[in-house]
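Written below as structure tokens is the structure these notes are about.
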Amino acid sequence: MSTLFDRPGAYAPSTADHPDLLADLNDAQRDAVTHTGGPLLVVAGAGSGKTRVLTRRIAYLLAERGVHQGQIMAITFTNKAAAEMRDRVGELVGVRSNTMWVSTFHSMCVRLLRREARTAGLGSNFSIYDADDSKRLLTLVARDLDLNTKRYTPRTLAGQISNLKNELVDHEDAASKASNELERKVAEVYAEYQRRLQLANALDFDDLIMRTVHLLQAFPEVTEYYRRRFRHVLVDEYQDTNHAQYTLVRELVGTGTSPSGVEPAELCVVGDADQSIYAFRGATIRNIEEFERDFPQARTIMLEQNYRSTQTILSAANAVISRNPNRRDKRLWSDLGAGDSIVGYVADSEHDEAAFVAGEIDALADSGEADYSDVAVFYRTNNQSRVFEEIFIRLGLPYRVVGGVRFYERREVRDALAYLRVLANPEDTVSLRRILNVPKRGIGERAEAAVAHHAERERLSFSAALRAAADGRIADLNPRAQRNIAAFVALLDELGERVERGDDVADVLEAVLERTGYRDGLAESDDPQDATRLDNLTELVTVAREFTESAAPAEDAGAGDELDEEPALPAGSLAAFLERVSLVADADSLPAPDGGDAEDTGQAADSGMVTLMTVHTAKGLEYPVVFGTGMEDGIFPHMRALGEEAELAEERRLAYVAVTRAQRRLYLSRALTRTAWGQPMSNPASRFLTEIPSELVEWRRSAPSADSFGGSGAPRAATTWAGSGQGSGKAGPVRGTASTGWKDAVPMKLDVGDRVSHDKYGLGTVVATEGTGPRATATIDFGASGQLKLMLIGSVPMTKL
DNA sequence: ATGTGACGAATTTTT
DNA sequence: TTCGTCACAT
């Protein structure tokens, strides 16, 4: 790999200029790279060279400003982004990038918490609970507290508690602030949940951030140490930070001169409020919108030149996003020219839509206009991928689906990992209870409850109680269960010895799969799914094997980096492996540039496959050809967002993300009818579709025009039904101006039993109604044409009789 | 203790 | 439709 170090004559440390670092940047980018002093906010529109700015800035700090790599902390949200940043900085400055702290918020916090475990009141071998573990624990807690688990589902509880932690509210504050029944219950659960986490020596994802913030706030001397150490903090995707992460950054950077004279570090954050699509997880664009207020003397630099897309695509994106209220105005522009029109398509059904997409991809490939790998198909929700897969398989069109159920979320993988986690941390009760009877070994609910009660009564950990049970020290346990428990404990001990004597992780894992009978159980099954499960376990063993191999030689002896002199966890250890897999949840994620793909069904190289994914997973990626599908109100924007201003704004940002992924060609399609949960459903055109200026779109197939329906629809129907997708460029600009389009119209009032006449499906009877306002739907029986569920939003070409 | 059938709910998800 | 949870039977 060529770096500035390697290139003869290109680099002379700390003396020469480095025109290379700035030469190919535009003015704004250059400003962002060279800015010195106060906090810097880089507002980076889609495709405006955000990563380039960040990496150049780091390189510039090292090369031109005499900053030591150990003084830099760069924070991202994903491991992928962290790896990419490290690589790209490496290309610019060489091996110095290896010892920089470039990491995700979460791994940075883990690193810090392990170092300061004692101060933070943690065992340094703490486990990390992910969402699934949290929910399991919450299920236990809710049961023990006798909650109505219908009303307080683990999902709800997890969401509420997560929100509280993201806002840095601890369980005591939550209790005192609670103002209604739900909040009081949540606070109660929260308290018990935290108690159990502590008992299990475990932290959940949100704790990683919150506990770090609390640590820094409670121990100024600790904070001071890190502030002295990190003089430059850079944050990527700043629009995705939640309050806790925001506070963490502020604690790290510092706001004023500390008592012992440490000045605040230089802060550089990069983000785009228009691409904030994770508010539902606590991200708040407040952090970016009020950056200037939060950090006085802050400077803002806007990157508005887009290097990715044609002007047509950008104009469409601008048209959509500009309807969001309270938005900092920003207009992306491109000098790549207008390019091709956006292609619109109105399909009869989702199958029809998929067939169109497949046919179009085929045509592009045949004409040589695009490789399969140039093409991405986006949808709002994962279940929409199915129909595409079906058609692609039928046509032999190579594709890959990104996302969905991830490798580390598969049941068998989690089971196997739970064994390892118990071996590493016997107090990890959630994992222990998970594997207690997996595979089935005759330790049922009753026995488990008996052990749990005993633990509670005697104030023992579950693990200790289990040992008591094995020794016959629990009275109300039948002998059979006792024997089974004893055997299980013996099994764990035997496996534990392997860990003790330092066997490789992969060997321990192999032993787990063998000795527990897990592998045999799957091998003997005739369920075809179990064959896949077996493959996944084999893959996990491979991952473990590779982990050991990469850990051994990569011992870079600290390289004078004081923070690395004592690794918190021994390299290659079981604990280190578990930490890795907890924090890297994307073994089978995106097209790895190097093609080093962990697991996939397909054999073909990435280069030859169409990519299918949700719009969320598409963030940060780009493709020459993009298909945005399911552009219907109720699908995208999602039904749940209709009528909710904040959620609608987020959907709009999501649409903006979708559109701005496209480089050359953008297709937008919708279906008049699609099957939702077994029932056919009819959705109107997505409002996002109608907001795109019609001159940018060439409709390959449009909605049936009002004329062809003949009849007079509901008032307003004739004009509005045609709203988008009015064919062949005939339609004038879309009406429905500003935010008050026809979508805000009152839905038709229908009750069960009402008779209606639909312009397309004829006479029908209302058999059910659901939802109200913008979410109102009616299921109508059209006799021979069957039943159809219609969204009543805006207008439907239908009259009530 | 475990297997079966009814029932109900059902976005998005960087860690 | 599909998946996971719950009640009940074996």
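Each chain gets a letter, A, B and so on, in the order the sequences are listed, and its residues count up from 1.
One can place CD of A/E445 at 13 Å from P of C/dC8, the figure rounded to the nearest angstrom. Summarising the geometry, the separation between CZ on A/R281 and C1' on B/dT13 is reported as 5 Å, rounded to the nearest angstrom. Protein atom CD1 of A/I277 is 13 Å distant from nucleotide atom P of B/dT12, rounded to whole Å. Going from atom NZ of A/K135 over to atom P of B/dT13 covers 13 Å, rounded to whole Å. Distance A/R155 CZ to C/dG4 C1': 13 Å, rounded to the nearest Å. The separation between A/N383 atom CG and B/dA9 atom C1' is 13 Å, rounded to whole Å. Summarising the geometry, the separation between NZ on A/K789 and C1' on B/dA10 is reported as 11 Å, rounded to the nearest angstrom. Between A/K150 atom NZ and C/dG4 atom C1' there is a gap of 12 Å when expressed in whole angstrom units.
When the nucleotides C/dC6, B/dT13, B/dT15 are ranked by their closest atom to the side chain of A/R143, C/dC6 comes out on top. Nearest to the side-chain atoms of A/T614 among the listed nucleotides B/dT11, B/dT15, B/dT13 stands B/dT13. Distances from the side chain of A/K440 to the nucleotides B/dG3, B/dA10, B/dT11 place B/dG3 closest. Comparing C/dT1, B/dT13, B/dG3 against the side chain of A/T617 picks out B/dT13 as the nearest. In the set B/dT15, B/dT12, C/dT1, the nucleotide with an atom closest to the side chain of A/T381 is B/dT12. For A/N79, taking side-chain heavy atoms from C-beta onward, the closest of the listed nucleotides C/dT1, B/dT15, B/dA1 is B/dT15. Nearest nucleotide to the side chain of A/R386, out of C/dT1, B/dA1, B/dT12: C/dT1.
Taking every heavy atom of residues 635-649 of chain A and every atom of DNA chain B, pairs under 4.0 Å involve A/H638, A/R640, A/E647, by number. DNA chain B lies under 4.0 Å from no heavy atom of any residue of residues 474-481 of chain A.
A donor-acceptor pair is defined here as one N or O able to donate and one able to accept, closer than 3.5 Å; such a pair exists between the side chain of A/S349 and the backbone of A/D352. Side chain of A/T139 to backbone of A/K135: a donor-acceptor contact under 3.5 angstrom is found.
With a 4.5 Å cut-off on side-chain heavy atoms, A/N683 and A/T673 do not count as touching. Between A/Y238 and A/I285 the shortest side-chain heavy-atom distance does not fall below 4.5 Å. Using a 4.5 Å cut-off on side-chain heavy atoms (C-beta onward), A/T617 and A/F378 make no contact.
Proximity of A/N437 to the phosphate of B/dA1: no side-chain N or O atom is located under 4.0 Å from OP1 or OP2.
Using a 4.0 Å heavy-atom criterion, one finds that A/Y278 contacts the bases of the nucleic acid, with or without backbone contacts as well. A/D206 comes within contact range of no nucleotide atom at all, as no heavy-atom separation falls under 4.0 Å. Using a 4.0 Å heavy-atom distance criterion, A/E650 is classed as making no nucleic acid contact.
The glycosidic torsion of B/dT11 lies within 90° of 0, which places this base in the syn conformation.
A/F77 does not qualify as a stacking partner of the B/dT15 base, lacking a centre-to-centre distance under 5.5 Å together with planes within 30°.
Cation-pi geometry between A/R114 and A/F126 is satisfied (NZ or CZ under 6.0 Å from the ring centre, within 45° of the ring normal). For the pair A/R386 and A/Y379, the cation does not sit on the ring face, since its NZ or CZ is not both under 6.0 Å from the ring centre and inside 45° of the axis.
Ring centers of A/F105 and A/F77: under 6.0 Å apart, within the cut-off.
Both A/H616 and A/A447 lie close to DNA chain B; mapped to their nearest nucleotides by heavy-atom distance, the more 5′-ward contact belongs to A/A447.
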Under 3.5 Å, which donor-acceptor pairs do the side chains of residues 140-151 of chain A form with other protein atoms, sequence neighbours left out?
residue	atom	partner	partner atom	Å
A/D144	OD2	A/R196	NH2	2.4
A/N148	OD1	A/K150	N	2.9
A/N148	OD1	A/R151	N	3.4

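When each of A/M108, A/M85, A/H106 is tested with A/I75 by the rule side chain to side chain contact (heavy atoms under 4.5 Å, CB included), just one qualifies, namely A/M108.
Using a 4.0 Å cut-off between charged nitrogen and carboxylate oxygen, A/R674 and A/E350 do not count as a salt-bridge pair.
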